[in-house]
Amino acid sequence: DGAGGFYIPMHRLIERAKTAQRDLQALHQSKDEILKRADAGEISQTRERVMNLQKTFGETAESMSALDDYVRKGLARDEIGPRLLPELDALHDEAALVGQAIRLARDLQTEFRQ
(Lines give C-alpha, C1' and ligand atoms only; values in the text may rest on other atoms or scores of the structure.)
Protein backbone atom coordinates (compact mmCIF):
# COMPACT_ATOMS: atom_id res chain seq x y z
CA ASP A 1 0.00 0.00 0.00
CA GLY A 2 2.99 2.33 0.33
CA ALA A 3 1.72 4.01 3.49
CA GLY A 4 5.17 3.66 5.06
CA GLY A 5 6.95 5.66 2.37
CA PHE A 6 10.08 4.51 0.62
CA TYR A 7 13.24 5.07 2.63
CA ILE A 8 12.37 3.39 5.92
CA PRO A 9 10.92 0.24 4.31
CA MET A 10 13.85 0.11 1.87
CA HIS A 11 16.46 0.29 4.63
CA ARG A 12 14.59 -2.28 6.73
CA LEU A 13 14.44 -4.66 3.77
CA ILE A 14 18.12 -4.17 3.00
CA GLU A 15 19.08 -4.80 6.62
CA ARG A 16 16.88 -7.91 6.77
CA ALA A 17 18.48 -9.20 3.57
CA LYS A 18 22.02 -8.50 4.79
CA THR A 19 21.39 -10.26 8.10
CA ALA A 20 20.00 -13.32 6.31
CA GLN A 21 22.91 -13.26 3.84
CA ARG A 22 25.42 -13.25 6.72
CA ASP A 23 23.62 -16.21 8.31
CA LEU A 24 23.60 -18.08 5.01
CA GLN A 25 27.31 -17.39 4.43
CA ALA A 26 28.11 -18.72 7.91
CA LEU A 27 26.19 -21.91 7.15
CA HIS A 28 27.88 -22.21 3.78
CA GLN A 29 31.33 -21.83 5.35
CA SER A 30 30.60 -24.48 7.99
CA LYS A 31 28.87 -26.85 5.53
CA ASP A 32 31.79 -29.26 5.13
CA GLU A 33 32.34 -29.53 8.88
CA ILE A 34 28.67 -30.20 9.52
CA LEU A 35 28.48 -32.84 6.80
CA LYS A 36 31.72 -34.44 8.00
CA ARG A 37 30.30 -34.87 11.51
CA ALA A 38 27.34 -36.71 9.93
CA ASP A 39 25.12 -35.93 12.93
CA ALA A 40 21.56 -36.48 11.67
CA GLY A 41 20.12 -34.04 14.21
CA GLU A 42 22.57 -31.29 13.29
CA ILE A 43 22.00 -31.86 9.59
CA SER A 44 18.24 -31.70 10.09
CA GLN A 45 18.57 -28.51 12.14
CA THR A 46 20.82 -26.96 9.51
CA ARG A 47 18.39 -27.89 6.73
CA GLU A 48 15.59 -26.23 8.73
CA ARG A 49 17.70 -23.08 9.16
CA VAL A 50 18.38 -23.00 5.42
CA MET A 51 14.67 -23.44 4.68
CA ASN A 52 13.85 -20.54 7.03
CA LEU A 53 16.45 -18.40 5.28
CA GLN A 54 14.94 -19.33 1.91
CA LYS A 55 11.58 -18.15 3.20
CA THR A 56 13.13 -14.90 4.43
CA PHE A 57 14.81 -14.32 1.06
CA GLY A 58 11.59 -15.03 -0.81
CA GLU A 59 9.59 -12.63 1.35
CA THR A 60 12.32 -10.00 1.08
CA ALA A 61 12.51 -10.30 -2.70
CA GLU A 62 8.73 -9.99 -2.96
CA SER A 63 8.70 -6.93 -0.70
CA MET A 64 11.55 -5.31 -2.64
CA SER A 65 9.67 -5.82 -5.88
CA ALA A 66 6.50 -4.34 -4.37
CA LEU A 67 8.45 -1.34 -3.08
CA ASP A 68 10.02 -0.81 -6.49
CA ASP A 69 6.55 -0.96 -8.08
CA TYR A 70 5.21 1.50 -5.49
CA VAL A 71 7.97 4.00 -6.27
CA ARG A 72 7.65 3.66 -10.03
CA LYS A 73 3.86 4.10 -9.92
CA GLY A 74 4.24 7.16 -7.72
CA LEU A 75 6.73 8.97 -9.92
CA ALA A 76 5.42 12.10 -11.54
CA ARG A 77 7.23 11.39 -14.80
CA ASP A 78 8.03 8.04 -16.43
CA GLU A 79 11.57 9.11 -17.33
CA ILE A 80 12.55 9.43 -13.67
CA GLY A 81 14.41 6.34 -12.64
CA PRO A 82 17.68 5.24 -11.08
CA ARG A 83 19.56 8.08 -12.79
CA LEU A 84 17.53 10.69 -10.91
CA LEU A 85 16.63 8.50 -7.94
CA PRO A 86 19.85 6.60 -7.07
CA GLU A 87 18.17 4.87 -4.16
CA LEU A 88 16.38 2.68 -6.71
CA ASP A 89 19.81 1.44 -7.80
CA ALA A 90 20.59 0.44 -4.20
CA LEU A 91 17.28 -1.42 -4.01
CA HIS A 92 17.92 -3.17 -7.34
CA ASP A 93 21.48 -4.11 -6.32
CA GLU A 94 20.26 -5.60 -3.06
CA ALA A 95 17.47 -7.45 -4.87
CA ALA A 96 20.13 -9.01 -7.15
CA LEU A 97 22.09 -10.13 -4.08
CA VAL A 98 18.92 -11.65 -2.63
CA GLY A 99 18.48 -13.57 -5.89
CA GLN A 100 22.00 -14.94 -5.54
CA ALA A 101 21.32 -15.87 -1.91
CA ILE A 102 18.16 -17.73 -2.94
CA ARG A 103 20.24 -19.85 -5.34
CA LEU A 104 22.91 -20.51 -2.70
CA ALA A 105 20.25 -21.47 -0.14
CA ARG A 106 18.67 -23.87 -2.63
CA ASP A 107 22.08 -25.46 -3.25
CA LEU A 108 22.76 -25.73 0.49
CA GLN A 109 19.39 -27.31 1.12
CA THR A 110 20.30 -29.97 -1.42
CA GLU A 111 23.59 -30.59 0.40
CA PHE A 112 21.77 -31.19 3.68
CA ARG A 113 19.26 -33.73 2.43
CA GLN A 114 19.11 -36.90 4.45
Side-chain angles (χ1 to χ4, degrees):
D1 71 22
F6 173 65
Y7 293 99
I8 292 172
M10 180 187 76
H11 288 290
R12 284 183 179 161
L13 285 169
I14 288 173
E15 186 55 39
R16 183 178 185 203
K18 288 188 181 305
T19 298
Q21 289 166 5
R22 283 190 296 270
D23 293 347
L24 183 65
Q25 278 302 325
L27 286 174
H28 185 259
Q29 290 172 350
S30 62
K31 165 188 75 163
D32 292 337
E33 296 166 19
I34 294 169
L35 290 171
K36 189 176 182 179
R37 285 191 290 270
D39 178 321
E42 183 181 24
I43 289 172
S44 178
Q45 238 180 0
T46 304
R47 186 176 55 253
E48 185 71 27
R49 286 177 60 196
V50 171
M51 289 170 55
N52 287 336
L53 287 169
Q54 281 181 300
K55 181 179 178 196
T56 297
F57 290 128
E59 292 169 355
T60 303
E62 189 175 305
S63 294
M64 286 178 169
S65 179
L67 186 58
D68 184 63
D69 289 347
Y70 162 71
V71 170
R72 289 181 184 280
K73 288 177 185 171
L75 294 174
R77 299 186 327 253
D78 288 340
E79 70 273 10
I80 297 175
R83 185 176 59 80
L84 296 175
L85 191 59
E87 291 82 356
L88 278 178
D89 268 343
L91 184 64
H92 296 161
D93 291 346
E94 196 59 42
L97 291 174
V98 167
Q100 292 172 5
I102 288 170
R103 288 185 290 281
L104 178 58
R106 187 175 29 237
D107 292 346
L108 266 181
Q109 186 179 5
T110 300
E111 297 262 356
F112 290 107
R113 281 200 179 128
Q114 288 184 332

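All values below were derived from every heavy atom in this structure, side-chain atoms included, with hydrogens, water molecules and symmetry-related copies excluded. The structure displayed is predicted, hence computed values, not measured ones.
Rounded to the nearest 0.5 angstrom, Arg49 CZ and Ser44 OG are separated by 12.5 Å. Atom CG of Leu24 is separated from atom CG of Asn52 by 12.0 Å, given to the nearest 0.5 angstrom. How far NE2 of His11 is from CZ of Phe6: 7.5 Å, rounded to the nearest 0.5 Å. Atoms CG and OG, from Leu35 and Ser30 in turn, are 9.0 Å apart once rounded to the nearest 0.5 Å. Rounding to the nearest 0.5 angstrom, the gap separating the CG atom in Asp107 from the NZ atom in Lys31 is 8.5 Å. Between the CZ atom of Arg113 and the CD atom of Glu111 there is a distance of 10.5 Å, given to the nearest 0.5 Å.
In this structure, Leu104 and Gln25 have side chains that are in contact, with non-hydrogen atoms separated by less than 4.5 Å. Between Phe57 and Thr60 there is no side-chain heavy-atom pair separated by less than 4.5 Å. At least one side-chain heavy atom of Gln54 sits less than 4.5 Å from a side-chain heavy atom of Met51. Contact check for Asp23 versus Thr56: no side-chain heavy atoms found under the 4.5 Å cut-off.
Although no hydrogens or angles enter the test, the distance criterion places a donor-acceptor pair under 3.5 Å between the side chain of Thr46 and the main chain of Glu42. Within the 3.5 Å criterion, the main-chain N or O of Gly99 finds a donor-acceptor partner in the side chain of Arg103.
Within a 6.0 Å radius of CZ in Arg16, more than 12 heavy atoms belonging to other residues, nucleotides or ligands are found. Glu59 CD: more than 12 foreign heavy atoms inside a 6.0 Å radius.
Classification of Arg22 and Glu15 as a salt-bridged pair holds, one side-chain N sitting under 4.0 Å from a carboxylate O.
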| task | Determine, step by step, whether Phe112 and Ile34 satisfy the side chain to side chain contact (heavy atoms under 4.5 Å, CB included) criterion, reporting the C-alpha distance in whole Å, the side-chain angles of both residues, the deciding distance to 0.1 Å, and the verdict. | result | CA-CA 9 Å; Phe112 290 107; Ile34 294 169; 3.5 Å; yes
| said: Does Leu13 form a side chain to side chain contact (heavy atoms under 4.5 Å, CB included) with Val98? I'd like the steps, not just the answer. | reply: CA-CA 10 Å; Leu13 285 169; Val98 167; over 6 Å; no
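Gln21 is linked by a side chain to side chain donor-acceptor pair (under 3.5 Å) to Glu94, counting only residues two or more places apart in sequence or in another chain.
Across every non-hydrogen atom of Ile102 and Ala61, the tightest pair is CD1-CB, 4.4 Å.
Hydrophobic clustering, with ILVMFWY side chains joined whenever heavy atoms are under 4.5 angstrom apart, groups Tyr70 together with Leu91.
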